[in-house]
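Below you'll find the structure, written out as structure tokens, and then a few comments.
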Amino acid sequence: MLIKAEIERDDPTTSLLISSEYEDVEKAITSIKPVLSRTSSYNNNNITSPNDSPGLGNCYQQRRRRSASDNSLSSLSGSNGSGAASSAGGSRRHSFSKDVGRAAAETFLVTRLSFKLLRYLGVGYRWIVRFLALGCYSLLLLPGFIQVGCHYFFSSQVRRGIVYGDQPRNRLDLYFPKSSDGPKPVVAFITGGAWIIGYKAWGSLLGQQLSERDIIVACIDYRNFPQGTIKDMVKDASQGISFVCNNISEYGGDPDRIYLMGQSAGAHIAACTLLEQAIKETGEGESTTWSVSQIRAYFGLSGGYNLFDLVDHFHSRGLYRSIFLSIMDGEESLRQYSPEVLVQDPNTRHAVSLLPPIILFHGTADYSIPADASKNFANTLQRVGVRAESILYEGKTHTDLFLQDPMRGGKDDMFEDIVAIIHADDQEARAKDAVAPPRRRLVPEFMLKLARSISPF
């Protein structure tokens, strides 16, 4: 009750998650107006096409393939040192209690999402075993999760819960570099979570990594099933991207260097959003608040892009056909939300020509979503004239690329590939990357190997 009272005093919207059932949460939150203004229209005159970037092309040729509310960054950082000395102690106590309250609310939300997943997947033998494996897996990686969580909740470089829309879960987190010298490249990231337990905090490790290389990261939250279906997820993602495109300059980001990224289910949602936006731009009378041409490149991490090929695969792994079709608005919508199929439609030819360069990353030992999903999508895109490629990492699983490798420290191949593309046109940034110290290890090696062996993913 004390935590609930603290949350209500500091953040009324958060208390709704604790004091209400699901239906009341949606009704209550949707009645609250965003604390930031909605996105404004873009200006086509200030947009530079990503295809005109010579540096990006050079990076493609040189990189070897592997097969084996604050308004600016300055005001944000400035706020950390402001305040009279006489009230510093009280201010720190208030800030700490506020962080504890928010941490409690975030923990409650994660727990609620986990129970929601269990409720929809059932409690049969298969899922009891999987959840036991998930518990052991999480326990082994706990040393890393604790360190990432401390950075997420208490670092001054993280701005959590920025409102971008008027629907539940229309929030995003921003991760800032330490330096504020000039506008920074930006990554808009859509997290994974089987379309059921996706959450913006899942991108905190990636956000921390990229911010260390002078890149701003926006982790966009979105409604999950059953709070919404794929149509709602794509709509939320589009609104979040629109916010980033039109407002990131106020936070120190460069609106001409915005990259879209998604992981697992988030890669599918981001790809659907990008293609839907391109189709809107080629239609007559369509109102849009951002443009595909504002995206320099799209990065898909371990994603699936042809739902027809994945329905049976997911069913065999426990995401049952009936649930999956409910998430995707029924079997009749599979084509609409299969980017690999949709780009081959002659009616979308003009829309497809608007797509930015697309780079797909995948591990060859990924059993959650087979690596063929990325290979086939890249090949299809190339056939229809899109600049695309797939980069495969030999022996890497679904979680190796996103969790175990970053927690291992040292050199991370996929991370270095992504940074190389983002910094392709920035000679000074590339020079800094060349001498950047290796990332420190977050989890002992024996625990990482054991976690990998029991991972349910």
Side-chain angles (χ1 to χ4, degrees), residues 17 22 106-122 127 130-131 133-135 137-138 141 145 148-149 152 160-161 167-173 188-207 217-237 240-241 260-273 299-305 307 310 313-314 317-320 323-324 326-329 337 361-363 366-369 373 397-404 406 455-457:
L17 293 171
Y22 161 72
E106 300 278 359
T107 303
F108 176 83
L109 179 58
V110 170
T111 304
R112 187 168 66 89
L113 290 171
S114 299
F115 278 105
K116 184 192 297 183
L117 177 63
L118 185 62
R119 186 181 75 192
Y120 276 90
L121 294 177
W127 278 101
R130 286 186 180 275
F131 269 92
L134 178 61
Y137 174 80
S138 302
L141 297 184
F145 289 146
V148 174
Y152 177 73
R160 302 188 310 276
Q167 294 295 321
R169 306 285 296 277
N170 282 180
R171 307 288 187 272
L172 60 82
D173 297 331
F189 182 62
I190 312 293
T191 63
W195 301 275
I196 299 175
I197 56 168
Y199 187 51
K200 57 187 173 66
W202 299 168
S204 55
L205 179 56
L206 178 71
V217 179
C219 289
I220 299 170
D221 206 4
Y222 54 91
R223 286 171 286 177
N224 288 191
F225 182 81
Q227 197 175 18
T229 61
I230 184 63
K231 179 174 68 175
D232 302 306
M233 300 176 203
V234 170
K235 180 180 179 181
D236 288 352
I241 296 168
L260 179 61
M261 182 188 301
Q263 188 265 340
S264 191
H268 168 255
I269 294 170
C272 289
T273 304
F299 304 135
L301 281 56
S302 308
Y305 311 98
L307 301 184
L310 294 173
H313 175 76
F314 287 149
R317 293 187 61 82
L319 184 54
Y320 303 123
I323 299 173
F324 184 69
S326 297
I327 295 172
M328 297 301 158
D329 282 324
Y337 295 108
F361 306 88
H362 223 119
D366 189 333
Y367 301 110
S368 295
I369 301 178
T397 67
H398 197 68
T399 54
D400 277 339
L401 297 177
F402 194 65
L403 281 177
Q404 283 98 266
S455 171
F457 303 106

Gln263 and His398: side chain to side chain contact (heavy atoms under 4.5 Å, CB included), yes or no, with the steps? CA-CA 10 Å; Gln263 188 265 340; His398 197 68; 4.0 Å; yes
Looking at Asp221 and Arg171, does any basic side-chain N land under 4.0 Å from a carboxylate oxygen? no
Asn224 side chain to Tyr222 backbone, donor-acceptor under 3.5 Å: yes
Working to the nearest 0.5 angstrom, can you tell me the gap between Asn170 CG and Lys235 NZ? 9.0 Å
Can you tell me how far the CG atom of Leu141 sits from the OG1 atom of Thr399, to the nearest 0.5 Å? 8.0 Å
Does the structure place the NZ or CZ of Arg160 under 6.0 Å from the centre of the six-membered ring of Tyr152, at an angle of no more than 45° from the ring's axis? yes
Against Val234, only a single residue in Asp232, Asp236, Ile230 fulfils side-chain contact (heavy atoms from CB on, under 4.5 Å); can you say which? Ile230
Would you confirm whether the ring centroid of Phe314 sits within less than 6.0 angstrom of the ring centroid of Trp195? yes
Starting from the C-alpha separation in whole Å, work towards a yes-or-no answer on side chain to side chain contact (heavy atoms under 4.5 Å, CB included) for Leu401 and His362. CA-CA 8 Å; Leu401 297 177; His362 223 119; 5.6 Å; no
Hey, could you give me the CG/SG distance between Leu206 and Cys219, rounded to the nearest 0.5 Å? 6.5 Å
Contact summary for Ala373 and Gly304, nearest pair of heavy atoms: CB-CA, 4.1 Å
How long is the straight-line distance from CZ of Phe189 back to OG of Ser204, given to the nearest 0.5 Å? 10.0 Å
One pair to check against side chain to side chain contact (heavy atoms under 4.5 Å, CB included): Ile190 and Met233. What are the steps and the verdict? CA-CA 10 Å; Ile190 312 293; Met233 300 176 203; over 6 Å; no
Nearest 0.5 Å, please: how far is CZ in Phe225 from CD1 in Ile197? 14.0 Å
Mind listing the closest non-hydrogen atom pair of Ala267 and Tyr305 along with its distance? CB-OH, 3.6 Å
Which atoms form the tightest heavy-atom contact between Arg317 and Ser368, and what is the distance? NE-CA, 3.8 Å
Determine whether His268 and Ile369 satisfy the following criterion, side chain to side chain contact (heavy atoms under 4.5 Å, CB included), listing intermediate values before the conclusion. CA-CA 11 Å; His268 168 255; Ile369 301 178; over 6 Å; no
Tightest non-hydrogen contact, residues Asp366 and Ser302, listed as OD2-CB, 3.7 Å
Might you point out which heavy atoms bring Ile269 and Ala237 nearest each other, and give the distance in Å? CG2-CB, 3.9 Å
How long is the gap from CD1 on Ile220 to CG on Leu260, to the nearest 0.5 Å? 7.5 Å
If every non-hydrogen atom of Ala194 is compared with every non-hydrogen atom of Ala265, which pair is closest and at what distance? N-CB, 3.8 Å
Just wondering, do Thr229 and Tyr337 contact through their side chains at under 4.5 Å, heavy atoms? no
